[in-house]
Every structure is written in C-alpha cells, then in structure tokens.
Amino acid sequence: MPAIHHRLSPFIRLPLALLTLTFCLSAKATAANDIASIDWTLAETLVALDQPPTAVAQVSDYHDWVGEPRLPDDVTDLGLRSQPNMERLAKLSPQRVLISPMFSHLAPRLEQIAPVETFSLYRPGQDTWTEMLDLTRALGELVERPDAAEALIASTESRLETLSERLPDDSQPLLIVQFMDARHVRVFGENGLFQAVMDRLGLENAWQEETNAWGFSLVGLERLVELDAQLVVVEPYPTGVEEKLRHSALWQHQTSMRDDALITIPPTWSFGALPSARRFAELIVPALVRSEQSRHTRHHTDS
C-alpha cells in the first residue's frame, strides 16, 4: 500500500487559511459588538457608529426620551437603569458592560458578569462639545471603528454649519425648557448639550443663570415670566401636565403663549452626545424658520 501523505495541497491550504481568517475576523467583530449599555448616551453613540449594543436598559423609555437614533428591534431590554435585571444580563453574557459615572454604584455587581467600562460626559469645568468629540472617538476605538467615529464627527459638524445658514438673521434669544411637573421646569443653559449646539448655530440663550453640571436649572414657572424670549418646550410632557397647563394662568401669561408663538419639539436627549446634538439642531432650526415666517405673517395681517 502506498504511503499516505498528510500534507495538503496548496489549492486546499489557501481556501482553508482564508476561511480561518474570515472566522477569526468575524469572531473579533462579534466580540467588539457584544456590548450591553446601561447608559442611553453611550447606546445612542454606538448606534450612530453602526455598532449598536445588544442590550440596553429601559428600551421603551429610551425611545420616549431620546427619540432617535432608534435602537434595533432585536435589542434586549435590561430593565431599569438603576436596577438592571442581572439574571437577564448573565444569560446574555456580553463581552463588556458600559456605564456612565451616574451608575458607578452598579459596577461591583455588573463586574461579576462581564468587564465594566465607564465613560464620562458633562464633567464640571470641561467644554461640552470637546467632551462629545472625545467620547465619540473613545467609543470608536472600543468597537474598532475609529474611521466611523471621525466620519460621525465630521458629518455632525458639517450639518450644523449648513443648518446655521438657514436661520433668520434676527432670531430672538431662546429659552429651552422641559417640564418636570405643572409648575416646575428644567431650563437649559451653560454646560449642557443644547447650549453647545446653540453656540455652533449662532443662537443666543436667554437663560444666563447658573446651571448644574448637566447644564440646567430647576425653576418655577414664575421665573420665566420676566424673560422676553422665544420659548421652546422639549417633549415629553409628564402625564397630565399638558391638561393642567391649559388652566394655568401663570403658564398662559408667558410671552410666547400670549403671542401664540410657543415652539414644541419632539423628545431630544438633553444629556446625550453627537447624535442628540444633531437631532436637536435638525428640529430647532426648521421650527425657528417656521416661527419667523408666522411672525411676519401676523405682522402683515395686523398692519
């Protein structure tokens, strides 16, 4: 019987080598993408990088408060951000779990399931826009898509510049608020996402009071009456608040309400990163253009 040679011919070795390489690259990409995120800002950025997390906390609430970018339909809901479902997370067994400092108290429990990585944004004394860029690049490195991160940065900055050119020359100062209840609002100013976008659009913020690290002040409606500004409400409204405001003399006395000039925009994550920054710009610029057109129409009608 002739000897059997165990060497494979080059024609067989090459396809096998390519198959092995493809498998390794696929496994590496899967590992990079096998991420659970407790934090919505990190989740929205991963979606924008085309590497969405496999699991996110409070998926339904994410869509209510963040709006876009939408999470994939097959993303797993981990339950509350403050109390994620550890059993569900353990079954998923992700390669890593991402959190922000707000959820640092969860790290010891989460680390029993997978490595935990913390990414910061809105740190006191830091430039908000620069922090957003740094976060985008850091997540791009994490999922091995640095080019996608640079593309996201470039496209966002380019789009904001384009949108700024559409704004009326005589735009009023803006007062950006979000309702907490029928008598109290967050008013957004320095250190926040909305302010960072307004700076790039060339818009003036009417709220010049001190804000917290997240870029807002919590005030009563009476604090807004004295300000002559274009009022902008960011949805969602808490349950029942809209009905109460219809009967609130304090709210109806606001300048924008008296002039029928109130601007309301869909949910935009005020604690987000570049995806939310672009979403806010995409919503506020057309709203201001329409408002200015309506104002001129009313002026000519009254004349």
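Bear in mind that the values here come from a model prediction, so they are computed numbers and not experimental data. Sequential numbering from 1 along the given sequence is applied to the chain's residues.
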(Q) Using the rule given for side-chain contact (heavy atoms from CB on, under 4.5 Å), can you reason through Arg96 versus Val116, listing the C-alpha separation, both sets of side-chain angles and the distance that settles it, and then say yes or no? (A) CA-CA 6 Å; Arg96 54 177 65 86; Val116 174; over 6 Å; no

Just so I know, are the side chains of [X] and [Y] near enough to count as touching, which here means a heavy-atom distance under 4.5 Å?
X: Ser100; Y: Thr41; result: no
X: Pro266; Y: Leu283; result: yes
X: Asp77; Y: Val56; result: no
X: Leu174; Y: Met198; result: yes
X: Leu193; Y: Ser270; result: no
X: Arg290; Y: Pro286; result: yes
X: Arg278; Y: Ser155; result: yes
X: Val233; Y: Ile265; result: no

Q | Test item: side-chain donor near acceptor, Asn191 and Gln195, under 3.5 Å | A | no

Q. Does one side chain, of Glu44 or Ser276, offer a donor that lies under 3.5 Å from an acceptor on the other?
A. yes

Is the backbone of [Y] close enough, under 3.5 Å, to the side chain of [X] for a donor and an acceptor to pair up by distance?
X: Gln58; Y: Arg81; answer: yes
X: His63; Y: Leu71; answer: yes
X: Gln178; Y: Glu235; answer: yes
X: Asp259; Y: Ala261; answer: no
X: Thr130; Y: Gln126; answer: no
X: Glu292; Y: Ser171; answer: no
X: Gln208; Y: Asn205; answer: yes

Shortest non-hydrogen contact from [X] toward [Y]:
X: Leu46; Y: Leu98; result: CD1-CD1, 3.9 Å
X: Pro94; Y: Leu89; result: CD-O, 3.5 Å
X: Tyr62; Y: Pro69; result: OH-O, 2.6 Å
X: Val241; Y: Ala182; result: CG2-N, 3.9 Å
X: Leu135; Y: Ala273; result: CD2-CB, 4.0 Å
X: Leu288; Y: Pro168; result: O-CG, 4.2 Å

Are [X] and [Y] joined in one hydrophobic group, where the rule is that I, L, V, M, F, W and Y side chains link up if heavy atoms are under 4.5 Å apart?
X: Leu175; Y: Phe194; answer: no
X: Val187; Y: Leu262; answer: yes
X: Val234; Y: Tyr237; answer: no
X: Tyr122; Y: Val197; answer: yes
X: Phe188; Y: Leu218; answer: no

Q. Can you list the steps and then say if Trp269 with Phe271 is a ring-ring contact (aromatic ring centres under 6.0 Å, His included)?
A. CA-CA 5 Å; Trp269 189 227; Phe271 313 121; 5.2 Å; yes

[X] [atom1] to [Y] [atom2] distance, which is reported to the nearest 0.5 Å:
X: Ser248; Y: His253; atom1: OG; atom2: NE2; result: 11.5 Å
X: Thr118; Y: Leu106; atom1: OG1; atom2: CG; result: 10.0 Å
X: Ser256; Y: Gln172; atom1: OG; atom2: CD; result: 7.0 Å
X: Ser217; Y: Glu190; atom1: OG; atom2: CD; result: 10.5 Å
X: Ser291; Y: Ile263; atom1: OG; atom2: CD1; result: 4.0 Å
X: Asp199; Y: Glu204; atom1: CG; atom2: CD; result: 11.0 Å

Q: Just do the side-chain contact (heavy atoms from CB on, under 4.5 Å) check on Arg223 and Trp207 with the steps written out, would you?
A: CA-CA 10 Å; Arg223 291 285 304 278; Trp207 188 254; 3.5 Å; yes

Mark yes when over 12 heavy atoms from residues, nucleotides or ligands other than [X] sit less than 6.0 Å from its [atom1]; otherwise mark no.
X: Arg137; atom1: CZ; value: yes
X: Glu210; atom1: CD; value: no
X: Arg109; atom1: CZ; value: no
X: Glu87; atom1: CD; value: no

(Q) Show, in sequence, the C-alpha distance, side-chain angles and deciding distance for Leu221 and Leu245, and conclude whether the side-chain contact (heavy atoms from CB on, under 4.5 Å) test is met. (A) CA-CA 11 Å; Leu221 290 182; Leu245 291 176; 4.2 Å; yes

Q: Verify the ring-centre separation between Trp251 and Phe179: is it less than 6.0 angstrom?
A: yes

Q) What's the verdict on side chain to side chain donor-acceptor pair (under 3.5 Å) for Trp129 and Glu157, showing C-alpha distance, side-chain angles and the deciding distance? A) CA-CA 10 Å; Trp129 191 260; Glu157 293 186 327; 3.1 Å; yes

Q | Salt bridge flag under 4.0 Å for residues Glu282 and Arg279 | A | no

Q | Lys/Arg N to Asp/Glu carboxylate O, Arg200 vs Glu161, below 4.0 Å | A |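 No, no charged N to carboxylate O under 4.0 Å.
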
Q: Mind running side-chain contact (heavy atoms from CB on, under 4.5 Å) on Leu121 and Leu42 for me, showing each step along the way?
A: CA-CA 10 Å; Leu121 191 59; Leu42 304 179; over 6 Å; no

